[in-house]
Enquirer: 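I am attaching a structure below and will ask some questions about it afterwards.
Letters A, B, ... mirror the listed sequences (proteins, then strands); counts begin at 1.
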Protein chains: 4
Amino acid sequence: MFELDIRSRKPIYEQLVEKLKELIITEVLKTDEQLPSVRMLAQQLTINPNTIQKAYRELEVQGYIYSIKGKGSFVSPASDGLNTEKLLKVKKDIMKLLSEAMYLGVTADELITMIKEINTTIGGGIENDQN
Amino acid sequence: MFELDIRSRKPIYEQLVEKLKELIITEVLKTDEQLPSVRMLAQQLTINPNTIQKAYRELEVQGYIYSIKGKGSFVSPASDGLNTEKLLKVKKDIMKLLSEAMYLGVTADELITMIKEINTTIGGGIENDQN
Amino acid sequence: MFELDIRSRKPIYEQLVEKLKELIITEVLKTDEQLPSVRMLAQQLTINPNTIQKAYRELEVQGYIYSIKGKGSFVSPASDGLNTEKLLKVKKDIMKLLSEAMYLGVTADELITMIKEINTTIGGGIENDQN
Amino acid sequence: MFELDIRSRKPIYEQLVEKLKELIITEVLKTDEQLPSVRMLAQQLTINPNTIQKAYRELEVQGYIYSIKGKGSFVSPASDGLNTEKLLKVKKDIMKLLSEAMYLGVTADELITMIKEINTTIGGGIENDQN
DNA sequence: GTGGTCTAGACCACC
DNA sequence: GTGGTCTAGACCACG
């Protein structure tokens, strides 16, 4: 289910954060659905529980999940909170990457196609009016 | 000329790589133009020459510049050849970021507007974040 | 009546303690008034009775309520006696928070306004956060 | 220098965060001043380095310090960033505590005196116009 | 030498 | 059983 590259320069917990974020964004993991427990996942991936927890905590800080002491970790509702600053960061990152892509020869049309593709994958736009 | 953020969590050499990449992409530094020497730049930025070295090496690996022993480092021509694999990586990164942006509430229209904006201003300045 | 946030990082019993404290402070629950029974409240909130118990015990320790075996739990009269030490703790906490607020840029005037506001509306509703 | 209560229910790293925050707010530790290194402090307090690091990381997330990989940890400039949301939280907490204090018998005058006291300790108001 | 990551294994609080 | 904290000790990346 998760393919972690133990040799990668990118820390394991960051890889985990990314993978889980992706599952949440693509709604494979739905709102309020329970994530695998720290220990279970640790065992499955043969990784130290602390590493899993670090990933979960990071996801919690970023607003993607919430954890309840004796119960488990769960997916937060989308657009839950205060993503204004996060939005700014993501937009900047996108600008940077888009520039690089175009320098490498990607056309604007290709990019637009990608966007439309994602738009269907996610399931259409999400209403959000706090920006 | 370069504004490095000593407080950033991102290593200095990575910041350097990004800044230089940006200058190359926006064609402030043109094909076959010579980059400042390691020592000069180190002195200017009051930074350890090893750090500059590392950045230049990284840019060389990524195909943005080439070095000639005893002469210096120069900007590689765009679309040099090895961009196929890089393109795939960049595209993947873009997909990831676009998905995240949309999950956070950015609409497809907004993103398309951004793309068109870059398409026209390619060659202008691009802002960088500090993470 | 009670809106508990199951997603909060704060344990449920602590949330209960705070809510009840608030009701007592704002005199929605008056001196010697009986609190809802553990079982009733547990049923209403669809929460484990043990959790309610724990909250009531905590409130008793803090001097806000008293329990009579076989009868129930009741609101203690204000300024009951043991408030000297509690007062010290609360004052210390306030100093800490006020310092932090000012460090973050709140002016003394703003704070004084807040105090006056409470002074007049004491007996009105107070909003709680979820951390 | 630090008096940590190893037996307290409050996690050691949180105690550390509070102590350090206090030192920063009262400007005992000034902007860009270096904090003791993770290992040094761990040794001094006979505490595990990981625990210190957790505290430092938390302070970094909260915007009070910044850390640079091979150099050390340093105090962030005051009102550096995006404290809007933090401000709201702190204000709510203050309202709650002030209410409790007044219920316990503290007068508005006493509270105002406290504010003025802090105002001189910190060194006057800090200019800040992003709220 | 610095911060950052990871492991192995223990204990606690919550429900 | 769950998440959260802490320890002891190892290794890596950075400058």
Enquirer: Rounded to the Å, how far apart are D/Lys69 NZ and F/dC12 P?
Expert: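 Rounded to the whole Å, the gap is 13 Å.
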Enquirer: Counting distance only, does the side-chain N/O of B/Ser99 pair as donor-acceptor with the main-chain N or O of B/Met95 below 3.5 Å?
Expert: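 Checked: pair present.
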Enquirer: Base, sugar-phosphate alone, or nothing: which one does A/Asn50 contact when heavy atoms must sit under 4.0 Å apart?
Expert: base
Enquirer: Looking at every heavy atom in both C/Ser67 and C/Ser73, which two are closest together, and how far apart are they?
Expert: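 For C/Ser67 and C/Ser73, the tightest heavy-atom pair comes out as OG-OG, 3.2 Å.
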Enquirer: Separation of D/Phe74 atom CZ from F/dG15 atom P, in whole Å?
Expert: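 Going from CZ in D/Phe74 over to P in F/dG15 covers 12 Å.
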Enquirer: Using a cut-off of 6.0 Å, state whether more than 12 heavy atoms not belonging to D/Glu33 lie near its atom CD.
Expert: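 Result for CD/D/Glu33: enclosed.
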Enquirer: Nearest-nucleotide wise, let me know which of A/Arg39 and D/Met40 is further upstream toward the 5' end of DNA chain E.
Expert: D/Met40
Enquirer: At the 4.0 Å heavy-atom cut-off to chain A, mark where contacts on DNA chain E begin and end, going 5' to 3'.
Expert: E/dT5 to E/dC14
Enquirer: Specify the closest pair of heavy atoms between A/Val17 and A/Ala55, including all atoms of both residues, with the distance to one decimal.
Expert: CG2-O, 3.7 Å
Enquirer: Can a donor-acceptor pair be found, under 3.5 Å and without considering hydrogens, that links the side chain of C/Glu100 to the backbone of D/Leu87?
Expert: no
Enquirer: Where along residues 51-58 of chain A does a heavy atom come under 4.0 Å from DNA chain E, residue by residue in number order?
Expert: A/Thr51, A/Lys54
Enquirer: Which whole-number value in Å describes the distance from B/Asn48 CG to F/dC14 P?
Expert: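 Result: 13 Å.
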Enquirer: Runs of at least three consecutive Watson-Crick or G-U pairs, both distances under 3.5 Å, are what I'm after; which ones involve DNA chain F?
Expert: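 Counting only runs of 3 or more consecutive pairs, the stems involving DNA chain F are E:1-14 with F:1-14.
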Enquirer: Does this structure show an ion pair linking A/Glu60 with C/Arg9, if we count only N-O contacts that are shorter than 4.0 Å?
Expert: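 Yes, charged N to carboxylate O under 4.0 Å.
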Enquirer: Toward the 5' end of DNA chain F, which comes first, D/Pro49 or B/Tyr13, by nearest nucleotide?
Expert: D/Pro49
Enquirer: Got a donor-acceptor contact below 3.5 angstrom from the B/Gln62 side chain to the B/Arg57 backbone?
Expert: no
Enquirer: Please check if the side chain of B/Gln15 supplies one atom and the backbone of B/Asp5 the other of a donor-acceptor pair under 3.5 Å.
Expert: yes
Enquirer: Base, sugar-phosphate, or nothing: which does D/Ile12 touch, judged by heavy atoms less than 4.0 Å apart?
Expert: sugar-phosphate
Enquirer: Taking atom types as modelled, is there a side-chain donor on D/Asp32 or D/Tyr66 under 3.5 Å from an acceptor on the other?
Expert: yes
Enquirer: Please say which of C/Lys54, C/Glu18, C/Lys21 ends up in a side chain to side chain contact (heavy atoms under 4.5 Å, CB included) with C/Leu59.
Expert: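 The side chain to side chain contact (heavy atoms under 4.5 Å, CB included) with C/Leu59 is passed solely by C/Lys21 among C/Lys54, C/Glu18, C/Lys21.
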Enquirer: So, for B/Tyr64 and B/Ile25, which heavy atoms are closest and what is the spacing to 0.1 Å?
Expert: CE2-CG1, 4.4 Å
